[in-house]
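Here the structure is laid out as structure tokens; the discussion comes afterwards.
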Amino acid sequence: MNATSIKPRRGRRRFLLGALGVGGALVVGWGVMPRSRLGDPAIFPEHTGEIALNGWIKITPEGNVVLAMPRVEMGQGIHTALSMLAAEELDIPLTRVSIESSPVERIYGNVVAMGIGSLPVHPDSEDKTWARALAWVMSESAREIGLIITGGSSSVADGWQPVREAAATARAALVEAAAREWNVPAAQVSIKEGQLIGPGGKQATFGGMAKTAQGISAPSNVTLKPASQYQLIGKPALRNDLAAKTDGSARFSIDTRLPGMLYAAVVMCPVFGGKLKTFQSKAALGMPGVRYVVPFEGSAGGAPGVAVVADHYWQARQALATVEPVWDNGPHAGLDSAGIRQQLVSALDSDKSGFTYRSMGDGLKAFDNKADGATIVEAEYTAPYLAHTTMEPINCTAQVTKDGVHLWAPTQVATLAQLVAARAAGVSGDKVHIDIPLIGGGFGRRLESDFIGQAVTIATKTEGKSVQVIWSREEDIRHDFYRPQAIARLKARVDNGKVTAIASRSAGQSILAGELDRLFGAPSAGIDRYTAEGLFDLPYEIEHEHVAHLAVDLPIPIGFWRSVGHSCNGFFMEGFLNDVAAAAKLDPLAMRRDLLKAHPRELKVLDTAAQAAGWGQPLPPAADGAPRARGLALHPSFGSVVAQVVEVSMKDGKPRVHRVVCAVDCGTVVNPGIVAQQMESAVIFGLTAALYGQIQIKDGRVVQSNFPDYPALKMAETPVIETHIVQSTAEPSGMGEVGVPPIAPAVAHAVAQLTGKPVRQLPMM
């Protein structure tokens, strides 16, 4: 299936996560723990002869497998990867596994996304007793809350255990059913290609044994297939959405078509914090096909505005030009990019200490001792606001009737979308039903629910008719929840060719504070790991460290952007280390190797990338004779480690990236083809931001509006991208975002060698 259909069970307890951070508002209902994620068969609805064997697995009459799917497909290949886990344990061909949207039950909540990785805990500390206890608390709290969310590069990591266990449990039940049918020991029954095989050539289908298997109690534990017996995991497999996306039959949210459906075009207040004063509806209502003109307030942090609802979208767009909205620009009409930068600089110049996320050794005092021969390097780095610009623009289809709310919505977090929709319609959460088709790109933008509340508000005025709200690209870019602008000041000390101390002091907005405010009206304690991730959790063995961040309150709406804080902090830290190497006359590869002696995983990834790229070997010029240089960066994030080496030349003063060599350790690889696809996607996404991306503010509003002034990397500019997977026996870790952080500092490193000038501000063009 291509849709996730979500309908809450009436009367079940509701749990809301206010924050995943120390000092945040964590609202938890504690039940009996640990809570099993296997699930009772009764929670997975059966259709047309299907038999549910547990909360994840159903068997069809034809003997095929249906897998409950709680994660949304945004191009990351998760529907294929999780299906492979089920097929592996059931020994059935992947083509015989289909997916069906999971119901809203806690067993499907994303435990990994809400686990200890959401707290500011250094990876090197995760094996300590206190950290293991905290991880247990976070994990069990996440199970109890059951937040259904797709994000944080966590889908495979979260599904790795429960999907395999559910499939293995179903397998055990099917084998036992056959053994009873044939009156033989279960040990004499095997499965091959989805067929039960018994002694003397006996055979049966899954479908034929499913009813008996359903009545067999699940074993207290099952043995999962060892890696040595994998037939699917670790091998390339065609994605199960490939055919539909190739022939055009795939249906995204914007493709929703319902009988009698109306369409809405919107215009929103362009000034942050502004309001709608007046508008004209007479001319619009006199135009062909126009049914309604609906003003709306901002929802879940969104902006207020006006919608025109018509029989066709183009009619609505044409009529929208006649409503002539007049805005109350509010208190931020004078805000501009220069003023925002000055506020960040002033915070860094102040005597405020901010929150210290890591302090090791002597911390800042390590810089007080002016020993002979020490090299002190200081630098400031800046990263701008960035928009998401997903291929599928913001849209949502809503229908509000006396029976409740029905949504067809491209959301990454159905639980919160349900909450916002219920508020907008003035109904209880159990009156909200959500279908989630395929999503044309998320990158964190679909974690917000402003467009959900907006669509429902408009639908309350359409007399029970469904209405599809579509934003223009201009509204999409100018009303995003942006990657925060940030500035970091870094300082390092080098003694006898070794980095012995490092400090970072950064300033920017808090994503967590904004989320808490717009969703729950709750305050934040000022601690937000997203502001400092990629700085406090660096893997390098440096004796003295101090990492602090100052949260600055600004009226710009911000949110989660692909790789979140790592996206800018990776540029800050890795860019700075390359500058340190240059100042201390050290080879940047050798310097990093010296700092990773106790981190073999990171060291192997670094060496793999360097060797594959030919680090240290002569690099011939570009085809037009321009000199080329290599740049290097290493960055761990979302449980994985990535190193990248780039080859860059300059033309007319602008960088051209010819080749990107990537090495990644993401734990056990389910589908190497998808790993390579995600790395390529991340490199292109990150290069777009590094070379071009910036959102500027003037007169309290966003300057950029469409791809001509917010460009994306073109095909002709896209480099050759090589992905080298470092084999691992660890459990799977993140992949969707991990390729973004290293690309900007690697390119900056190469450009600095070509120009003789460090690159400390993005974008580069």
Side-chain angles (χ1 to χ4, degrees), residues 2 64-65 67 69 71-99 150 153-161 163-164 167 191-194 224-247 249-250 438 604-605 608-609 612 638-644 659-685 718-740:
N2 288 335
N64 296 323
V65 173
L67 171 66
M69 182 56 63
R71 308 293 169 249
V72 297
E73 180 61 70
M74 302 177 288
Q76 78 277 44
I78 193 60
H79 285 181
T80 303
L82 294 184
S83 296
M84 290 175 69
L85 301 185
E88 183 70 78
E89 288 296 335
L90 281 160
D91 279 313
I92 192 169
L94 181 59
T95 54
R96 290 178 57 189
V97 178
S98 62
I99 59 172
T150 306
S153 297
S154 60
S155 293
V156 171
D158 181 74
W160 175 248
Q161 199 70 16
V163 171
R164 290 188 304 140
I191 298 178
K192 184 176 182 180
E193 295 291 310
L224 299 179
K225 186 183 291 187
S228 60
Q229 296 179 17
Y230 288 164
Q231 299 296 312
L232 284 173
I233 294 175
K235 296 180 174 63
L238 290 178
R239 291 173 54 144
N240 55 18
D241 57 352
L242 180 63
K245 289 181 175 177
T246 301
D247 64 23
S249 62
L438 295 171
K604 187 172 183 179
V605 171
T608 299
F638 304 96
S640 298
V641 184
V642 175
Q644 293 174 353
R659 182 186 181 209
V660 181
V661 178
C662 312
V664 58
D665 181 340
C666 56
T668 297
V669 173
V670 177
N671 188 328
I674 292 177
V675 168
Q677 290 168 4
Q678 285 302 291
M679 185 63 73
E680 291 159 5
S681 167
V683 166
I684 293 169
F685 192 87
T718 302
V720 173
I721 303 170
E722 302 173 16
T723 300
H724 300 267
I725 299 173
V726 176
Q727 297 302 313
S728 173
T729 58
E731 292 189 359
S733 45
M735 194 59 230
E737 301 170 272
V738 300
V740 173

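Just so it is clear, the values below take in all heavy atoms, side chains as well, and ignore hydrogens, waters and symmetry mates.
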With rounding to the nearest 0.5 angstrom, report the [atom1] to [atom2] distance, [X] to [Y].
X      : Y      : atom1 : atom2 : result
Asp158 : Arg71  : CG    : CZ    : 5.0 Å
Phe685 : Glu680 : CZ    : CD    : 16.0 Å
Ile92  : Leu232 : CD1   : CG    : 10.5 Å

Is there a donor-acceptor pair under 3.5 Å between the side chain of [X] and the backbone N or O of [Y]?
X      : Y      : result
Gln644 : Gly739 : yes
Ser83  : Val97  : no
Ser153 : Glu737 : yes
Glu73  : Ile78  : yes
Arg96  : Ala87  : no
Ser681 : Gln677 : no
Ser640 : Gly734 : yes

Considering all heavy atoms, the nearest [X]-[Y] contact:
X      : Y      : value
Ala157 : Pro732 : CB-O, 3.4 Å
Pro719 : Arg659 : CB-N, 3.7 Å
Ala730 : Thr668 : O-OG1, 2.6 Å
Ala643 : Val605 : N-CG1, 3.5 Å
Gly75  : Gln678 : O-NE2, 3.6 Å
Cys662 : Val683 : SG-CG2, 4.0 Å

Does some side-chain heavy atom of [Y] sit less than 4.5 Å from a side-chain heavy atom of [X]?
X      : Y      : answer
Val642 : Met679 : yes
Val675 : Cys666 : yes
Ile721 : Ile684 : yes
Ile233 : Leu85  : yes
Val664 : Thr723 : yes
Val669 : Met735 : no
His79  : Met69  : yes
Lys225 : Asp91  : yes

Q. When you look at Leu94 and Asn240, which way does the side chain to side chain contact (heavy atoms under 4.5 Å, CB included) test go after all the steps?
A. CA-CA 9 Å; Leu94 181 59; Asn240 55 18; 5.7 Å; no
Q. What residues, two or more places apart in sequence or in another chain, satisfy side-chain hydrogen bond (donor to acceptor under 3.5 Å, both in side chains) together with Gln231?
A. none
Q | With Gln76 via side-chain hydrogen bond (donor to acceptor under 3.5 Å, both in side chains) - residues at least two apart | A |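 Result, side-chain hydrogen bond (donor to acceptor under 3.5 Å, both in side chains) vs Gln76: none returned.
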Q) What's the verdict on side chain to side chain contact (heavy atoms under 4.5 Å, CB included) for Leu224 and Gln161, showing C-alpha distance, side-chain angles and the deciding distance? A) CA-CA 9 Å; Leu224 299 179; Gln161 199 70 16; 3.8 Å; yes
